[in-house]
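All remarks here apply to the structure that follows.
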Amino acid sequence: DVAEQLSPVLPDGPREESLQFLSELKDSSCSCAVDVSTVWWAAAGCRELRVVTASESAVSLWEPLAPDCWGRVHTWHLTEIPVIQIVPLPDTCNLVCVALGELEIGEIRLLLYSSETDSFKHSLVKTGNIKAVVGLKDRRLVSSSRTMQEQQLEMVSFSETGGSKDRQTLMPPEETVTAFAEVEGMREALVGTTAGNSVVVWNLKTGQLLRKMQVGYSYPASICHRAYSDSGLLFVVLSHPHAKESESCGSPAFRVVAFNPRTGRSAGVMFSCPPCPRRYLEGDVWDTAGAAVLTSGAVAVWDLLRGRCTAVLPPGPAGHWALARWA
Amino acid sequence: CSESDLGPISLNWFEELSAEAPP
């Protein structure tokens, strides 16, 4: 917000350095950061947004002490299996999940603070050959795991204190699920993308697989980030991290595709290209804004509904950016 | 997007598909 006020976006395109570097979290250990996220944290009657950072063997919780200054509240040490990613549970307080594994996710753990014992803890949620995982509102976690014979999809609900409350099995599609995304405004709907480049829709309450819809050859190797239901259509934000780069216009970082769940037909609505011919590396979507790290080492931000790049943060003096996350 | 591209649209698609899909 501060950067936007300082550097209004020009109508003819992004303005360089319209994102401003505000603060740095200095990790005194030499281990490399693998992921970053945020979590709502309640302490002493006050609920505030805190930052979570993960290295291969530890996950740290940081609180704002003063402008530009962050202090480490706690570190969970997870030394047996490397941490691969943080799995935030949106709008949830005092709970965050992490995925651990070697090349693929082998287990998911819940990190929490227990007021009963006045201590920070972690507990095992799930093990297996986990292909995709997402945290949903209302303390829910959905994951897909694969054995040689079959694919299993499961939603776990947590209690406020982090106990496992309920487990719901979801009907798996034939193809491996590569990513999940919540449908904004529809608590019981979930979308996913598959290795066969389809978008699938589930009813989370019943576990039913409602529809499988082909994304099409124009949108290869799609990964879903977010979905919105509006006017009888399902708008899905996709990225294509493994797509071959087109020489003419580069590769779009994000696309918005409209699906009619009744007929399974789809139409491209908007695409968001990097400001220069660079490729998308990884990114994050929040509401209708996308942010991604590009091969140039810059971070770009888009208004996904207008397909317009609204801000660029060039690589810093210390090197290329590696991750971009909304909070 | 028009109905000619995407076919007939239903505002209650989620409830309708849930009623039709196998349990």
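Below, chains carry the letters A, B, ... as their sequence lines are ordered, and counting in each starts from 1. Note that the coordinates shown come from a computational prediction; the quantities given were computed from them, not determined experimentally.
A distance of 9.0 Å separates CD in B:Glu15 from CG in A:Asn203, rounded to the nearest 0.5 Å. In this structure, CG on A:Asn260 lies 10.5 Å from CG on B:Asp5, to the nearest 0.5 angstrom. Annotation: the span from A:Leu233 atom CG to B:Ile9 atom CD1 amounts to 4.0 Å, rounded to 0.5 Å.
Dense packing is recorded around CZ of A:Arg187, with more than 12 heavy atoms of other residues, nucleotides or ligands lying under 6.0 Å away. More than 12 heavy atoms of other shown residues, nucleotides or ligands fall within 6.0 angstrom of atom CH2 in A:Trp326. Open room surrounds CD on A:Glu160; 12 or fewer heavy atoms of other groups in view lie less than 6.0 Å from it.
Heavy-atom pairs under 4.5 Å with chain B peak, among A:Lys205, A:Met186, A:Met171, A:Gln208, at A:Gln208.
For the side chain to side chain donor-acceptor pair (under 3.5 Å) test, no residue two or more places apart in sequence or in another chain qualifies with A:Asp287.
Considering all non-hydrogen atoms of both residues, A:Ser231 and B:Leu11 come closest at C-CD2, 3.5 Å. Looking at every heavy atom in both residues, B:Phe14 comes nearest to A:Trp202 through CE1-O, 3.8 Å. The minimum heavy-atom distance linking A:Leu209 with B:Ala21 is given by the pair O-CB, 3.9 Å.
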Given A:Leu234 and B:Trp13, is the side-chain contact (heavy atoms from CB on, under 4.5 Å) satisfied, shown in steps?
CA-CA 10 Å; A:Leu234 190 60; B:Trp13 63 268; 4.1 Å; yes
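Between the side chain of A:Thr263 and the backbone N or O of B:Gly7 there is no donor-acceptor pair closer than 3.5 Å.
Counting heavy atoms from C-beta outward, A:Val201 and B:Leu17 have side chains that stay 4.5 Å or more apart. In this structure, the side chains of A:Thr206 and B:Pro23 stay at 4.5 Å or more apart for every pair of heavy atoms.
Taking a cutoff of 4.0 Å between a charged side-chain nitrogen and a carboxylate oxygen, B:Glu20 and A:Arg262 qualify as a salt bridge.
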